[in-house]
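Read through the structure below, which is laid out as structure tokens, and then see the notes.
One-based numbering, in listed order, for ligands and for the atoms of each.
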Amino acid sequence: MSHDAIQYSDDKATRYDEVIAEILSVVAGETSITARYATASCLLTQAFAPVYFWTGFYVVDPLKENELVVGPYQGTLGCLRIPFGRGVCGAAAANGETQLVEDVHAFPGHIACDSRSNSEIVVPVFDKDGKLAAVLDVDSEQHAAFDDIDKEKLEGLCAKLLVV
Ligand code: SME
């Protein structure tokens, strides 16, 4: 399948609508969860770099209860494993709620995979039975890069990402 880069709008909310439509169109009918996560991390990065510095998924390890393991991502080397409750991803996994962090250095237990990261948003991804499957982690070198628009749009994407 060929894919031509699309021209995104300058307005952030519209840009999200465009890229989310594109992601869902590319993965329509795709049964591989890895392919779905890889497509989302790639196209979100294409649409939002350089604000997005690291974009990817930490998935719930089926063999280890309460532990996330790195999945498809774009960016610099991410740490491999994150226990539930540890750092921003671990907090999202433990309480099932989006974490919007303006200053990661002020977040208790923040895991600094790359010290250039200054702010981040982490959104839980649930499967069709409502069980936590993964978290989507987006980091930025900018301070306070994310707001309620990012939260609303990324939560909308994550709600649809595992619906085949
Ligand atoms: N910042 C994350 C760790 C993962 S990476 O930055 C890729 C956290 O504290 O959960």
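Between the side chains of Thr98 and Glu155, at least one donor N or O lies within less than 3.5 Å of an accepting N or O. Between the side chains of His105 and Asn118, at least one donor N or O sits under 3.5 Å from an acceptor N or O.
By the 3.5 Å distance cut-off applied to N or O atoms, Gly87 is not counted among the residues near ligand 1. Residue Glu120 has at least one N or O atom closer than 3.5 Å to an N or O atom of ligand 1. The shortest N/O to N/O separation between Val88 and ligand 1 falls below 3.5 Å.
If you check each of Asp139, Val138, Thr55, Ile111 against atom 9 (O) of ligand 1, the one with the closest non-hydrogen atom is Ile111. Taking all heavy atoms of Asp137, Val101, Leu80, Asp114 into account, the minimum distance to atom 4 (C) of ligand 1 is reached by Asp137.
Remark: minimum distance from atom 10 (O) of ligand 1 to any protein heavy atom is reached at Cys89 N, 2.7 Å. Looking only at protein heavy atoms, the nearest one to atom 5 (S) of ligand 1 is Cys113 SG, 3.2 Å.
Atoms of ligand 1 lying under 4.0 Å from at least one heavy atom of Trp54, given by number and element, are 7 (C). Close contacts between ligand 1 and Tyr58 involve ligand atoms 4 (C), 7 (C) [criterion: under 4.0 Å to a heavy atom].
Taking the six-membered ring for Trp and thresholds of 30 and 60 degrees, Trp54 and Tyr73 have nearly parallel ring planes, at less than 30 degrees apart.
With respect to Tyr8, the side chain to side chain donor-acceptor pair (under 3.5 Å) criterion is satisfied by exactly one of Arg15, Glu22, Glu18: Glu22.
Glu30 has its side chain out of reach of Thr39: every pair of non-hydrogen atoms, C-beta onward, lies at least 4.5 Å apart.
With a 6.0 Å radius and a threshold of 12 heavy atoms from other residues, nucleotides or ligands, Asp10 has its CG atom at or below the threshold.
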Residue pair Tyr37, Val27: steps toward the side chain to side chain contact (heavy atoms under 4.5 Å, CB included) verdict: CA-CA 9 Å; Tyr37 291 157; Val27 302; over 6 Å; no
